[in-house]
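The structure appears right after this line, and notes come after that.
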Amino acid sequence: MRTPDILAKLGLTQVADGGTVSGVYAGRWIESPAGETITSLDPATGQVLGRVTMGGADDYEATVASAQEAFQRWRQLPAPKRGELVRLCGEALREHRDALGALVTLEMGKILPEGVGEVIEMIDIADFSVGLSRQLYGLSMHSERPGHRMYEQWHPLGVMGIISAFNFPVAVWSWNAFVAAVAGDTMIWKPSPVTPLCAVAVQNIVNPVMESEGFGGVFNLCVGDVDPVGETMIADRRLPLISATGSVRMGKRVGEVVGGRLGRSLLELGGNNALAIMDDANLELALRGVLFGAVGTAGQRCTSTRRVLLHESVADEFTERLTRAYGTIPIGNPMDGKTLCGPLASQAAVDGFLAAIETVKGQGGELLCGGGRATVPGGEGGFYVEPTLVRAPTDLPMMQEETFAPLLYLVTVSDIEEAIAVQNGVPQGLSSAVFTSNLQTAERFLSYAGSDCGIANVNIGTSGAEIGGAFGGEKDTGGGREAGSDSWKAYMRRQTCTINGTDELPLAQGISFG
Ligand code: UN1
């Protein structure tokens with residue numbers, strides 16, 4: 001598909017013709033929002049892909065009004081009927097799967113199978129949410145009082161805010177939006193300003209479905225800067241929940257402001273994911289796991305593998321095989337079927353990567369391969385870097401930080417105990433993995449004294465989770481859980497109800513009062 005065709009299929013013809021689109025949807029598109037116009041670049045070429053006008057303070061207010069009005073009606077709709085609308089959104093996404101996947105690739109730079117994979121993740125969470133719409137179960141309890149009954153029920157929470165990052169410009173919205181929608185909430189989305197076209201395209205796909213059923217105000221969008229949109233949103237008492245994905249620094253600010261007004265925040269922040277390879281591991285499997293985890297999405301997943309912890313008996317062999325494999329990774333335009341490593345998302349990301357390499361070298365890390373910009377024919381203005389391997393001592397200070405790029409540290413450890421200690425010895429706690437054929441080693445890694453992460457895998461890499469499991473992590477990763485399992489509870493309010501079916505009024509704890 002050619003770029004103009006992709007844009008046309010997603011209702012972005014104006015952009016293809018060099019025009020500007022609105023970044024604010026408040027139950028309907030706001031024609032001329034008051035914010036600045038931002039330029040979205042194709043990271044493969046550095047060329048302009050399109051222009052989007054951001055929202056100002058009044059535009060943000062319009063999204064709140066739209067979401068509040070819709071909430072009054074949306075919450076009255078039975079959950080399975082809300083699920084039916086989400087099912088129709090899933091159908092619309094199926095129709096636009098390839099075009100939206102291609103736009104993700106064009107605007108963010110991940111390779112096409114991963115761009116399309118992101119849309120598949122959206123479809124999966126839509127299906128999951130449809131089923132969930134009939135399973136918002138509460139418990140019932142036996143009361144200690146005769147003839148009394150206790151149970152809990154779950155009600156919609158209200159209008160929520162979704163702040164998403166550039167690296168998963170569409171899927172992470174849907175993890176929140178579809179689950180929240182069946183829960184009965186309405187929402188305002190502030191996407192990353194690096195990927196505003198993806199956000200506009202998503203609205204163009206789902207909102208015709210919602211509008212035709214009279215519910216255009218459920219999914220609202222306000223592309224905007226931290227000021228006025230981001231800061232106003234997190235401080236806004238009308239939004240009982242803010243779900244934010246991004247850096248630890250951003251998450252701390254969200255947590256502080258939302259906590260200060262006793263709101264709820266659901267945080268999915270940075271990772272610093274380690275993959276341990278033990279002496280009895282299937283090295284071929286481990287190699288594939290490391291390559292996808294460290295080089296996939298050019299190392300820009302929060303679940304990307306950042307550290308490989310090698311048992312001393314396999315360290316040399318694995319390092320050699322991995323270095324050889326790194327030498328053959330096709331770097332190039334992410335639309336090209338042969339490419340495995342596309343560009344970083346922005347020039348700022350390239351600068352961050354190059355600075356990190358300098359720091360690592362200064363701290364005693366040994367560069368095994370890569371470390372610089374990559375040259376790609378036809379991609380002269382693009383944001384390409386080389387997948388990089390660094391042999392590192394366990395205490396290399398930079399290894400405590402998440403560098404959002406294909407920079408992988410190799411560390412030698414002597415046993416599973418040391419692997420677990422190094423794996424846990426960082427501020428973040430998102431994803432982790434061990435490769436071993438030994439059941440006891442695997443169980444040791446998964447035990448309460450093993451990995452401290454929200455995700456712990458055996459013989460699978462650190463990235464590429466399915467939507468059915470709860471996704472998120474501990475420590476600086478923020479503690480939130482999204483997508484699968486019972487993460488829907490974050491989007492609802494729980495009410496405990498006690499009902500007396502007798503003519504007596506016994507008090508709990510046997511208290512007699514007068
Ligand atoms: C993220 O990088 O923010 O597990 C999300 C994975 C993907 C989601 C990553 N399913 O790698």
Side-chain angles (χ1 to χ4, degrees), residues 93 101 104 108 110-111 113-129 131-132 162 164-179 243-246 251 266-276 285-286 288-308 402 404 406 408 423 426 428-435 442 445-446 450-491:
L93 283 164
V104 169
M108 183 274 163
K110 61 177 72 177
I111 59 172
E114 292 193 74
V116 173
E118 221 191 297
V119 186
I120 294 174
E121 201 162 332
M122 299 177 86
I123 295 167
D124 291 345
I125 195 72
D127 288 354
F128 179 92
S129 303
L132 186 63
I162 301 173
S164 66
F166 73 85
N167 66 330
F168 273 77
V170 294
V172 169
W173 171 80
S174 67
W175 294 356
N176 287 282
F178 290 156
V179 173
S243 173
T245 306
L266 201 174
L267 302 175
E268 206 264 276
L269 312 173
N272 191 349
N273 318 297
L275 185 157
L285 215 63
R288 282 168 28 211
V290 171
L291 282 171
F292 179 67
V295 180
T297 329
Q300 298 169 105
R301 291 190 187 218
C302 54
T303 50
S304 289
T305 308
R306 311 253 172 246
R307 301 174 291 147
V308 171
E402 178 188 46
F404 226 56
L408 183 65
Q423 133 72 39
V426 294
Q428 311 83 349
L430 179 56
S431 188
S432 58
V434 67
F435 278 73
F445 181 76
L446 298 175
S451 162
D452 64 2
C453 291
I455 297 171
N457 295 336
V458 175
N459 294 331
I460 294 181
T462 58
S463 69
E466 304 175 20
I467 57 90
F471 184 92
E474 306 303 334
K475 304 193 292 187
D476 274 7
T477 302
R481 292 296 186 280
E482 291 175 340
S485 187
D486 64 352
S487 56
W488 59 271
K489 291 178 177 170
Y491 304 86

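Residue numbers run from 1 in the order of the sequence given.
When atom types are taken as modelled, the side chain of Lys475 and the backbone of Val426 share a donor-acceptor pair closer than 3.5 angstrom. Using modelled atom types, no side-chain atom of Ser485 and backbone atom of Gly468 make a donor-acceptor pair closer than 3.5 Å. Judged by distance alone, with hydrogens and angles left aside, the side-chain atoms of Arg301 form no donor-acceptor pair with the main-chain N or O of Gly293 at under 3.5 Å. Side-chain atoms of Thr477 come within 3.5 Å of backbone atoms of Gly429 as a donor-acceptor pair (strictly under, hydrogens ignored). Side chain of Ser304 to main chain of Ala294: no donor-acceptor pair is present (N/O by atom type, distance under 3.5 Å, no hydrogens or angles). A distance-only check finds a donor-acceptor pair linking the side chain of Asn273 to the backbone of Cys302 [under 3.5 Å]. Between the Glu118 side chain and the Ala171 main chain, a donor and an acceptor come within less than 3.5 Å of each other.
Looking only at side-chain heavy atoms (C-beta outward), Ser129 and Val179 come within less than 4.5 Å of each other.
Judged as a side-chain hydrogen bond (donor to acceptor under 3.5 Å, both in side chains), the pairs with a partner in residues 453-469 (not counting sequence neighbours) are, in order, Thr305-Thr462. Among pairs with a residue in residues 167-179, those fulfilling side-chain hydrogen bond (donor to acceptor under 3.5 Å, both in side chains) read Glu121-Trp175, Asn176-Ser243, Asn176-Glu482, Asn176-Tyr491, at least two apart in sequence or across chains.
Distance CZ/Phe435 to CG/Leu275: 5.0 Å, rounded to 0.5 Å. Taking CD from Glu474 and CD1 from Ile455, the interatomic distance works out to 10.5 Å, rounded to the nearest 0.5 Å. Atoms CZ and CE, from Phe168 and Met108 in turn, are 7.5 Å apart once rounded to the nearest 0.5 Å. Between the CG atom of Leu93 and the CG atom of Asp127 there is a distance of 10.0 Å, given to the nearest 0.5 Å. A distance of 11.0 Å separates OG of Ser164 from CD of Glu268, quoted to the nearest 0.5 Å. Rounding to the nearest 0.5 Å places CG of Asp476 at 12.0 Å from CG of Leu430.
Nearest heavy atoms, Ser432 versus Gln423: CB-OE1, 3.3 Å. Across all non-hydrogen atoms, the minimal contact from Arg481 to Gly472 is NH1-C, 3.5 Å. Summarising the geometry of Arg306 relative to Asn272, their closest heavy-atom pair is CB-OD1, 3.6 Å, with the distance given to 0.1 Å.
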Inset, instruction - Check the pair Ile467 / Phe178 against side chain to side chain contact (heavy atoms under 4.5 Å, CB included), numbers first and verdict last. - result: CA-CA 12 Å; Ile467 57 90; Phe178 290 156; over 6 Å; no
